[in-house]
S.K.: 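Below you'll find the structure I mean.
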Protein chains: 4
Amino acid sequence: MRSTHERAGRVRSKRLPREVRERQILDAAVEVFSQRGYHAASMDEISEVADISKPMVYAYLGSKEDLFAACIRREATKLMEAIADGVAEAGNSPDEQLWRGLRAFFGFVGEFRDSWRVLHRQASAQGGPFAQELGDMRKRAISLVAALLINTAQDEGVGAAATGQTDALAAALVGASESLADWWLDHPEESAGAVAARLMNLVWMGFGNLVDGHTWQPPKGS
Amino acid sequence: MRSTHERAGRVRSKRLPREVRERQILDAAVEVFSQRGYHAASMDEISEVADISKPMVYAYLGSKEDLFAACIRREATKLMEAIADGVAEAGNSPDEQLWRGLRAFFGFVGEFRDSWRVLHRQASAQGGPFAQELGDMRKRAISLVAALLINTAQDEGVGAAATGQTDALAAALVGASESLADWWLDHPEESAGAVAARLMNLVWMGFGNLVDGHTWQPPKGS
Amino acid sequence: MRSTHERAGRVRSKRLPREVRERQILDAAVEVFSQRGYHAASMDEISEVADISKPMVYAYLGSKEDLFAACIRREATKLMEAIADGVAEAGNSPDEQLWRGLRAFFGFVGEFRDSWRVLHRQASAQGGPFAQELGDMRKRAISLVAALLINTAQDEGVGAAATGQTDALAAALVGASESLADWWLDHPEESAGAVAARLMNLVWMGFGNLVDGHTWQPPKGS
Amino acid sequence: MRSTHERAGRVRSKRLPREVRERQILDAAVEVFSQRGYHAASMDEISEVADISKPMVYAYLGSKEDLFAACIRREATKLMEAIADGVAEAGNSPDEQLWRGLRAFFGFVGEFRDSWRVLHRQASAQGGPFAQELGDMRKRAISLVAALLINTAQDEGVGAAATGQTDALAAALVGASESLADWWLDHPEESAGAVAARLMNLVWMGFGNLVDGHTWQPPKGS
DNA sequence: GATGAATGAGTATTCATTCAT
DNA sequence: TATGAATGAATACTCATTCAT
């Protein structure tokens, strides 16, 4: 009779204020959506993991669709803030800003694997409004990167011709980061820093240089 | 899609050989899985699209899980063959082989969007056996690319230090390709060739060179 | 109506005496039951409309069933009082008393459509105790009418033969009134007076003949 | 564990053709809707009474709403046909046609109490599309009666003045019939013929005077 | 007295899967 | 071979009702 997921013996804490409950529920939802996928996740399991009854889930966060959207929004915001914080810690060098941003990104993915899985895999597997929600975040990320690239180019005195491509390049870099993060999920033996460095090397130097033995080195102390 | 209680009459062609039936079913399954996702896809809709009765679907290809796995296997094989064909068309230059492989890959994605969606988005959104099936294909792809990179390095007389990284670089390149293909799904305005060239440029030259105004040019006649 | 997970803030007036609260609740309940029907009405909506918290509804008026019964009782009483008042305003003429009673009835229905809807449509759609509650009211109404008819007959010197039917006739008249009121709900273009006059015309002229001893006979063989 | 409504020990007949199943389901639905009301009726109980599994109910007749509408349509059609048959059996006399129609109506109500309960009580308690479905049937009934009344009036040489009211009178007669039928549901001791005769007496004598140009006038000052 | 927080027990609906023909 | 008919088992969502404060 008892469901497999029930935390047996755990006493439910009662009468918590709304805010706390909402956080609990979102945490649980991210965990379950990440592991099962949107459709396979059941509201039953989410409520069990959140250690609360189903009606409260509905009362606080609405339908399954609403809940999923809320997860995406919250996680996307957390991720973007983490990256922005990383960039802010760097000095004025665009090169270093990029590096810090990447570090922060992979740091986030490493720390909150479920969040990233929900954001990247689940949200894009479901089409429609969810993918769009994500698309917005991606656009903000791309803009951020594009700005860095433009600064770099200006520092090096490169003209308009090259800068015309910055948006596309930024999109490619963002895509490459996402992809590498995705790959990392299934190969967790490397550290966040190593993965970030690998990407930096790859895209910054290019294969052409790498096979020539030239590599990019992370600045000291990061 | 059409609910059963509104009756529709369609005449079905009968007594087709097993092979043909299987192809029909797999085609339908790829289409439906790609558009709805694994869970949201219903065996009912698949059998309708395949223009065959549900029990036949089960007779020929087993459970829903089996069917999905069969889709992945078939599409993955098709994709790998397309890439191998592309590479084979190139001469001995590893540089050109890489380019042809990329072209073939993006050509495939452009031509069989549903196939790619199933392979990349749906298969990885469902965990477990499906992702593994994909993982195998990816490994084969990575090996292929790694071999090319090693050849390149040897051509240029680069030593073991650099080649030690080839596997990781190959993985990164494969990942970047997947990611770019994924992005392309949602931005279909570019041609396959243009997307491939963009990637080649990016990873071969590196951002560092690109912002300096150096670009890689596809060889003539491709 | 507004789901709980979108928060709304409303200031509630506090500490009202019990009577006032009960009236508020009953008013809200009649409105909601009338519009949604017994089952589709939710205690949540009722408490919202009553501008009071749900536990208070339970504290004051008990379960949903109790609340519905209370509605019926209150509205039935109001209706019967309205009719009695109407009849009392007339002189001794039974003819005029009937007319005033009908006017009062249709006046009530016109003024309190929700009340009538709850009484007539909802209460009888739910079987069991509710219908019985109504049945009692109906019996009182029928007795009232029957008394009028007997007086009429006596005034006109009609014998026992005709009076034997008075109860049935009264029931028919009451039924016809209810039915016409029901019809009127959906055709509100006429005035209460006009509807009452129409009914009076229809049945009174029929009664007129009946009490004169004229009856219509079914053709042989049916 | 076993539901109260289960017919224990009954062996389910299997593999019946669609038509038969649909009839079974509709019969069960009318029975359950009539006894419980639309909302309180559960698809579970309906499928049990129909002696079939729930998915078949959905497969054949759609959602609960669809099913209810189908019940109303089928029963309304049956009723109208019964009345039309009754009228057709009469000769040319409108008087007799009316009588036969009434007899047929009450005969139907007596024989198919559940049908009538669904049509009259449940359908009108739920607003919206259901009530409208019923409204259509009522309009057809009213037209039928109005035609009879016009014929009567013409037979007796009554002018346009009186006939101008036929529609309203017809509506009143239909309403009175419905109402009496409703009353009869709760007082089943009388025969269908007796109830029909009572109504005929009541309203016909009233009508008789009306078509002769006699009308009852409300007293002054009200 | 008054309420936000909480839940057990349903209800409609769908789906993968399998018989009987 | 081929299919219409059939179902067990799940799932999203709701509601009357009650604590704890």
Side-chain angles (χ1 to χ4, degrees), chain A residues 3 12-18 20-21 39-47 51-60 62-67, chain B residues 3-4 7 12-18 21 39-47 52-60 62-67, chain C residues 3-4 7 12-18 21 39-47 52-60 62-67, chain D residues 3 12-18 20-21 39-47 51-60 62-67:
Chain A
S3 143
R12 257 183 205 172
S13 38
K14 302 214 164 185
R15 305 283 143 180
L16 296 185
R18 181 177 185 126
V20 179
R21 284 294 193 211
H39 270 99
S42 85
M43 295 299 269
D44 262 306
E45 186 178 355
I46 290 173
S47 74
D51 197 33
I52 204 180
S53 74
K54 234 187 324 173
M56 291 311 290
V57 176
Y58 282 90
Y60 283 154
S63 71
K64 190 181 185 182
E65 218 170 303
D66 292 344
L67 177 56
Chain B
S3 93
T4 314
R7 298 194 228 173
R12 267 177 197 160
S13 36
K14 302 206 165 186
R15 305 271 156 187
L16 296 185
R18 179 172 190 117
R21 283 289 194 215
H39 270 98
S42 83
M43 296 298 270
D44 260 304
E45 188 178 355
I46 291 173
S47 75
I52 202 179
S53 76
K54 246 190 311 178
M56 281 294 96
V57 175
Y58 281 89
Y60 279 135
S63 73
K64 191 182 184 183
E65 221 170 300
D66 293 343
L67 177 56
Chain C
S3 93
T4 313
R7 300 193 227 175
R12 266 175 197 163
S13 36
K14 302 209 165 185
R15 306 271 156 185
L16 295 185
R18 179 172 189 117
R21 283 287 195 215
H39 270 97
S42 83
M43 296 298 271
D44 260 304
E45 188 178 355
I46 291 173
S47 74
I52 202 179
S53 75
K54 244 188 315 176
M56 283 293 98
V57 176
Y58 281 89
Y60 279 137
S63 73
K64 190 182 187 184
E65 219 169 303
D66 293 343
L67 177 56
Chain D
S3 143
R12 260 185 202 169
S13 35
K14 302 214 163 184
R15 307 281 143 180
L16 296 185
R18 181 175 186 129
V20 179
R21 284 293 192 211
H39 271 98
S42 84
M43 295 299 269
D44 262 306
E45 186 178 355
I46 291 173
S47 73
D51 197 33
I52 203 178
S53 74
K54 238 189 318 174
M56 290 311 288
V57 176
Y58 282 89
Y60 283 156
S63 72
K64 191 181 184 182
E65 217 170 303
D66 291 343
L67 177 56

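What you see is a predicted model; the values in this text were computed from it and never measured. Naming: A, B, ... by sequence-line order, numbering from 1 per chain.
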S.K.: Return the nearest nucleotide to the side chain of Met56(A); candidates are dA5(E), dT17(F), dA2(E).
M.R.: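 Out of dA5(E), dT17(F), dA2(E), the nucleotide with an atom closest to Met56(A)'s side chain is dA5(E).
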S.K.: Rounded to the nearest 0.5 Å, how far apart are CE of Met56(A) and CZ of Arg18(A)?
M.R.: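 So the gap between those two atoms works out to 8.0 Å.
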S.K.: Return whichever of Met43(A) or Pro55(D) has its heavy-atom-nearest nucleotide of DNA chain F closer to the 5' end.
M.R.: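 Upstream on the strand: Pro55(D).
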S.K.: Please name the pair of heavy atoms, one in Ser47(C) and one in Asp44(C), separated by the smallest distance, quoted to 0.1 Å.
M.R.: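 For Ser47(C) and Asp44(C), the tightest heavy-atom pair comes out as OG-O, 3.0 Å.
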S.K.: From C-beta outward on Lys64(B), which listed nucleotide comes closest to its side chain: dT3(F), dT17(E), dA5(F)?
M.R.: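 Among dT3(F), dT17(E), dA5(F), the one nearest the side chain of Lys64(B) is dT17(E).
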S.K.: From the list dT13(E), dA5(E), dT11(F), which nucleotide is the closest neighbour of the side chain of Ser42(A)?
M.R.: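 Of all the options, the side chain of Ser42(A) is nearest to dT11(F).
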S.K.: Out of dA6(F), dA6(E), dC19(F), which has the shortest distance to the side chain of Ser53(A)?
M.R.: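 Nearest to the side-chain atoms of Ser53(A), counting from C-beta on, is dA6(E).
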S.K.: Taking the minimum atom-to-atom distance to the side chain of Arg15(D), which one of dT13(E), dC13(F), dA6(F) wins?
M.R.: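 Output: dA6(F).
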S.K.: Expressed in angstrom and rounded to an integer, what is the separation of Glu45(D) atom CD from dA12(E) atom C1'?
M.R.: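 These atoms are roughly 15 Å apart.
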S.K.: Let me know the distance between CG of Asp51(A) and C1' of dT7(E), rounded to the nearest Å.
M.R.: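 For the pair Asp51(A) CG and dT7(E) C1', the rounded distance is 13 Å.
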S.K.: Between P on dT11(F) and CD on Glu65(A), what's the gap in Å once rounded to a whole number?
M.R.: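 Taking atom P of dT11(F) as the reference, CD of Glu65(A) is at 18 Å.
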S.K.: In whole angstroms, how far is the P atom of dG8(F) from the CG atom of Asp44(D)?
M.R.: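 My rounded result for the distance is 12 Å.
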S.K.: So, taking the atom named CZ in Arg15(D) and the one named CZ in Arg21(D), what distance separates them when rounded to the nearest 0.5 Å?
M.R.: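 Going from CZ on Arg15(D) over to CZ on Arg21(D), the span is 9.5 Å.
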S.K.: In whole angstrom, what separates His39(D)'s NE2 from dG10(E)'s P?
M.R.: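 Taking atom P of dG10(E) as the reference, NE2 of His39(D) is at 18 Å.
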S.K.: Drop me the distance from Lys64(D)'s NZ to Met43(D)'s CE, to the nearest 0.5 angstrom.
M.R.: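 It comes to 7.5 Å.
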S.K.: Quick one: which of dC15(F), dA5(E), dA6(F) gets closest to the side chain of Arg18(A)?
M.R.: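 Looking only at heavy atoms from C-beta outward on Arg18(A), the closest nucleotide is dA5(E).
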S.K.: Using whole Å, report how far CG of Leu16(A) lies from C1' of dA20(F).
M.R.: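 Answer to the nearest Å: 12 Å.
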S.K.: Base, sugar-phosphate or nothing for Ala41(C)? Non-hydrogen atoms, less than 4.0 Å.
M.R.: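 Sugar-phosphate only.
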S.K.: Taking for each residue the nucleotide of DNA chain E bearing the nearest heavy atom, is the 5' side occupied by Gly62(B) or by Lys54(A)?
M.R.: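 Checking each residue's closest nucleotide, the 5'-ward one belongs to Lys54(A).
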S.K.: What's the CD1-C1' distance between Ile52(D) and dG8(F), to the nearest Å?
M.R.: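 Answer to the nearest Å: 15 Å.
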S.K.: Can you list every stem that DNA chain E is part of, counting only runs of 3 or more consecutive Watson-Crick or G-U wobble pairs with both distances under 3.5 Å?
M.R.: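 So far as stems of 3 or more pairs are concerned, DNA chain E shows E:2-21 with F:2-21.
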S.K.: Among the nucleotides dA6(E), dT14(F), dA6(F), which one has an atom lying closest to any side-chain atom of Tyr58(A)?
M.R.: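 The answer is dT14(F), which lies nearest to the side chain.
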S.K.: Quick check on dT1(F): is either OP1 or OP2 less than 4.0 Å from any side-chain nitrogen or oxygen of Arg21(B)?
M.R.: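 Looking at the OP1 and OP2 atoms of dT1(F), neither is under 4.0 Å from any side-chain N or O of Arg21(B).
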S.K.: dT3(E) C1' sits how many Å from Tyr60(C) OH, rounded?
M.R.: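 Distance, rounded to whole Å: 13 Å.
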S.K.: Could you state the interatomic distance from OH (Tyr60(A)) to CG (Leu67(A)), rounded to the nearest 0.5 Å?
M.R.: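 The OH atom of Tyr60(A) sits 14.5 Å away from the CG atom of Leu67(A).
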S.K.: Which distance, rounded to the nearest 0.5 Å, do you find between the CD1 of Ile46(A) and the NZ of Lys54(A)?
M.R.: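 Rounded to the nearest 0.5 Å, the CD1-NZ separation comes to 11.0 Å.
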